[in-house]
There are 4 protein chains.
Amino acid sequence: MPPSPRNRSDPDRRRADILEHATGLIGERGYYGFTVQELARRCGLSNPGLLYYFPSKHDLLIGVLDALQADETAAMTPIVEAALQKSSDAAEDRASVLNVLRMIVARAVERPLSGRLLAALQTESLDAGHPAHSWWRARETVLLNLFVKLVDGHVINPAASARQLLAMMDGLCLHWLRADQGFDVVSIWEDALIRLLPELHKADAG
Amino acid sequence: MPPSPRNRSDPDRRRADILEHATGLIGERGYYGFTVQELARRCGLSNPGLLYYFPSKHDLLIGVLDALQADETAAMTPIVEAALQKSSDAAEDRASVLNVLRMIVARAVERPLSGRLLAALQTESLDAGHPAHSWWRARETVLLNLFVKLVDGHVINPAASARQLLAMMDGLCLHWLRADQGFDVVSIWEDALIRLLPELHKADAG
Amino acid sequence: MPPSPRNRSDPDRRRADILEHATGLIGERGYYGFTVQELARRCGLSNPGLLYYFPSKHDLLIGVLDALQADETAAMTPIVEAALQKSSDAAEDRASVLNVLRMIVARAVERPLSGRLLAALQTESLDAGHPAHSWWRARETVLLNLFVKLVDGHVINPAASARQLLAMMDGLCLHWLRADQGFDVVSIWEDALIRLLPELHKADAG
Amino acid sequence: MPPSPRNRSDPDRRRADILEHATGLIGERGYYGFTVQELARRCGLSNPGLLYYFPSKHDLLIGVLDALQADETAAMTPIVEAALQKSSDAAEDRASVLNVLRMIVARAVERPLSGRLLAALQTESLDAGHPAHSWWRARETVLLNLFVKLVDGHVINPAASARQLLAMMDGLCLHWLRADQGFDVVSIWEDALIRLLPELHKADAG
DNA sequence: TATGAATGAGCATTCATTCAT
DNA sequence: GATGAATGAATGCTCATTCAT
């Protein structure tokens, strides 16, 4: 039999390709449920060909999480900083806070693969022995603190509101994925924002 | 030599014991992540001793889900039926609806094992190939329909409110689990209910 | 295809059988060079069927070494103790010492499998990272001390004589194995004993 | 981006460097236990960079053995020939024979790397399937014949004496390596020579 | 000369399951 | 009811080697 043709490709492209497929596959099956072999197959690579880029299953997970985080940071940092900087215009402040909250969900909708990955790991990593456990705890702390800061000064109980926002956001994304993206998350989220943060909306008159 | 002490015990008790441990273990690791062997160990049974009761890993999952559903149905049916039967007293109607919503979360808090299991499978079963996939879709449909019926007549957009309630509920339970049960879900949920369903609360005066 | 017939056999027999084949195979290829699969094949077992008895390759090695040591201890202890107990008859003392030295080689000749295993591990385990490294150091210390005690009182420099005896013994066994057992080790060893320990031989007149 | 610093160096130097590291590594782990990758790492070369010089693992072994033999031949030939040429002076003859025997061990002590390699392969290559098997048989024949010729005319049973010398030599070197070079092999060997070849020593007076 | 990228074969080990008792 | 013994299939990973540059 002829040795399978060597799929040489640009290393950067290959790495990115692997990360994308890994995101999809881990999103589908979770970390425990996916196999390196299946990922290699999807990437059109042999098993060791894949492990050349990420030496172990664990490293693959870390690679995916790092890429996701880098991406998120790059996209969100500017608008988050804008929202945290109190201006002299109260209405503008409120708008920029809502902007961040809307953007997070909008991004999740535009990137269903990442959303799916986050959903999958969110529960799988509840267990202390899971390789993404600490990554998730850190992420949650950061997000919760961010939400607290965002709504602080606008609502009576920032901690409670932050939790509710985070819970609603995660829950909606989850249902949206399970419903095969069969409803309009964005508008339901907008509506939820009005109900959960009325103080930030009646503002137009302020 | 004494033949290893065969742990003979009442079959029904054994079955219940297995289901309980299975609930815990699948909750910790998910369906893909747990092993029959580990479950057998926790039950103090040999590997085939366990499979005598549930002939396969898949059957174990079904057994757990069926038990959970039976339990849930038994507990919720009466108060759900009470809430769905419109009485002549509007305030009472509203109270009974809120009662159902509060009870669902209260039950989850009292049964962290089941809550954990539901959380774990909720995302793992997003994939169409997962053995609990259709079970979850069915469950979601039922719950969503129930919520719609519950709030119908009280709010402007029952479908949207139902989704928000479901999302908030699932999201809060999830965060509560990840936070090692480190905040008061019940009160946050109560507070969320006030915000998401103001129509059902201002009612006392109505 | 029909599932291969299950080779059920008496567990004790099986264990002994595995140990014997393992001794042979590790003797042939060394610890690094042998594979669990090949051993399973030789035992007429599937791969996991073998690992049922010894859960890992490392455990196999330990099992083999323990068995070998137990066997050796059982066989040598009586004559060693006899040799170490000084009697009133000097000639008898000398004879019992020589008896031990002859017996060790005689046993190696009768058990070429064990001899081969010892030879293989002797050098392979020189490396500090080898799983039998410490086992061998312990063995060497014990043997050297034994030899020192055996010849003490009979020769001028017991430490040097002990080393020479040990070296000659190991070297002869090694060459005998490499020569496909093509010369008479026993008689060469007897002859070497006369040269290395003349004090113990001229004794007849003593 | 700068193309990774290609470690270009003088090919002969490189070859020698590889052989030295290979000697060390094979000595540590044996042929089965060492990996081409680890050797490449120690040489500061990429995996294929190493295989450029020795196209396969097997070729590496052969290269090492050939180098070792060439070295040995170059060093020993003169004194061996001197020892084999019977002169008119018997005492001188005896001295030159002892000189060879002393020199062999002295060389091993000065070159612990080669000594270790020889020790490692000595037992590993007992197996007929080992790539150095026939090399070792040849070496043994040559050495044994040499020893026989050396002691012929001086001792009663040259074949037996030759075997004993060879065994003692190999055994002492082995123990010396295992004892972390913690005793004086040379003097123990000298002492052994006196015991094994008294005829060659009392000679001074002869 | 030397490398980065890739591969087929094989490794120890684990898994869900089955058989015989 | 429950077990010890055994299995086929798969898993993550490593190995020596090769290709293209």
Side-chain angles (χ1 to χ4, degrees), chain A residues 1 3-11 14-15 32 34-40 44-53 55-60, chain B residues 3-11 14 32 34-40 44-53 55-60, chain C residues 1 3-11 14-15 32 34-40 44-53 55-60, chain D residues 3-11 14 32 34-40 44-53 55-60:
Chain A
M1 61 202 92
S4 79
R6 305 223 162 188
N7 268 343
R8 184 163 284 237
S9 110
D10 177 54
R14 184 76 357 129
R15 242 190 99 92
Y32 294 139
F34 96 95
T35 74
V36 172
Q37 201 150 33
E38 166 71 2
L39 179 56
L45 266 168
S46 72
N47 204 318
L50 172 65
L51 291 172
Y52 174 78
Y53 290 91
S56 75
K57 193 181 178 182
H58 181 262
D59 289 318
L60 265 163
Chain B
S4 78
R6 307 219 163 188
N7 272 343
R8 195 163 283 226
S9 100
D10 177 50
R14 213 359 77 96
Y32 293 139
F34 95 96
T35 73
V36 172
Q37 199 151 21
E38 166 71 2
L39 179 56
L45 265 167
S46 75
N47 206 318
L50 173 65
L51 292 172
Y52 173 80
Y53 292 91
S56 76
K57 194 181 178 181
H58 181 263
D59 291 318
L60 265 163
Chain C
M1 63 203 88
S4 78
R6 306 222 161 191
N7 267 344
R8 185 163 283 240
S9 107
D10 176 55
R14 190 54 26 114
R15 241 190 99 92
Y32 293 140
F34 95 96
T35 73
V36 172
Q37 202 150 34
E38 166 71 2
L39 178 57
L45 266 169
S46 72
N47 206 320
L50 173 64
L51 291 172
Y52 175 79
Y53 291 89
S56 75
K57 194 180 177 182
H58 181 263
D59 289 319
L60 266 163
Chain D
S4 78
R6 305 220 162 189
N7 271 344
R8 194 161 284 226
S9 99
D10 177 51
R14 216 352 82 96
Y32 294 138
F34 96 96
T35 74
V36 172
Q37 200 150 21
E38 166 71 1
L39 178 57
L45 265 166
S46 73
N47 207 318
L50 172 66
L51 291 173
Y52 172 81
Y53 292 91
S56 75
K57 194 181 178 181
H58 182 262
D59 291 317
L60 265 163

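Keep in mind that the numbers below use all heavy atoms, side chains included, and drop hydrogens, waters and symmetry copies. Throughout, a chain's letter reflects where its sequence line sits, starting with A, and its residues are numbered from 1.
Of the listed nucleotides (E/dT17, E/dA12, F/dA16), E/dA12 has the atom at the smallest distance from the side chain of C/T35. Considering only side-chain atoms of D/K57, the nucleotide from F/dT18, F/dA6, F/dA16 that sits closest is F/dA16. Considering only side-chain atoms of B/V36, the nucleotide from E/dA16, E/dT7, F/dC19 that sits closest is E/dA16. Ranking F/dA6, F/dT17, F/dA20 by closeness to the D/L51 side chain, first place goes to F/dT17. The listed nucleotides are F/dC13, E/dT1, F/dG4; the one nearest the side chain of D/Y52 is E/dT1. Here the side chain of C/S56 is nearest to one of E/dT13, E/dA5, E/dA9, namely E/dT13. Which of F/dG1, F/dT3, E/dT7 sits closest to the side chain of A/P48 comes down to E/dT7. The side chain of D/L45 lies closest to E/dT3 when the candidates are E/dT3, E/dG8, F/dA6.
Here CG of C/L39 is found 6.0 Å from CG of C/L60. Values are rounded to the nearest 0.5 Å. Put simply, OH on C/Y52 and CG on C/L45 are 12.0 Å apart, with the number rounded to the nearest 0.5 Å. Atom NZ of D/K57 sits about 11.5 Å away from atom CG of D/L51, to the nearest 0.5 Å.
Taking atom CD of D/E38 as the reference point, atom C1' of F/dA16 lies 15 Å away to the nearest angstrom. Counting to the nearest Å, the P atom of E/dA20 and the CG atom of C/D10 are 18 Å from each other. Atoms CG (D/D59) and P (F/dA16) sit 14 Å apart, rounded to a whole Å. For the pair D/N47 CG and F/dT18 P, the computed distance is 12 Å after rounding to whole Å. Taking atom CZ on A/R8 and atom C1' on F/dT18, their separation rounds to 11 Å, with Å as the unit.
The 12-atom threshold is exceeded at CD of C/E38, counting heavy atoms of other residues, nucleotides or ligands nearer than 6.0 Å.
Atom name C1', nucleotides F/dA20 and E/dT1: the rounded distance is 15 Å, in whole Å.
In terms of position on DNA chain F, the residue among C/Y53 and A/F34 whose nearest nucleotide sits closer to the 5' end is C/Y53. Residue-to-nucleotide proximity on DNA chain F shows that, of C/S46 and B/S46, the 5′-proximal contact is made by B/S46. Where A/G44 and C/H58 each meet DNA chain E at their nearest nucleotide, the meeting point lying more 5' is that of A/G44. Where C/Q37 and C/P55 each meet DNA chain E at their nearest nucleotide, the meeting point lying more 5' is that of C/Q37.
The phosphate of F/dT11 has neither OP1 nor OP2 within less than 4.0 Å of any side-chain N or O from A/Y32. Note on A/R14: every side-chain N or O is 4.0 Å or more away from OP1 and OP2 of E/dG4.
In DNA chain E, stems built from 3 or more consecutive Watson-Crick or G-U wobble pairs, each with both distances under 3.5 Å, span E:2-21 with F:2-21.
Nearest heavy atom pair, residue B/A40 against residue B/S46, reads CB-O, 3.8 Å. Of all the heavy atoms in D/P55 and D/D59, the pair that sits closest is CD-OD2, 3.5 Å.
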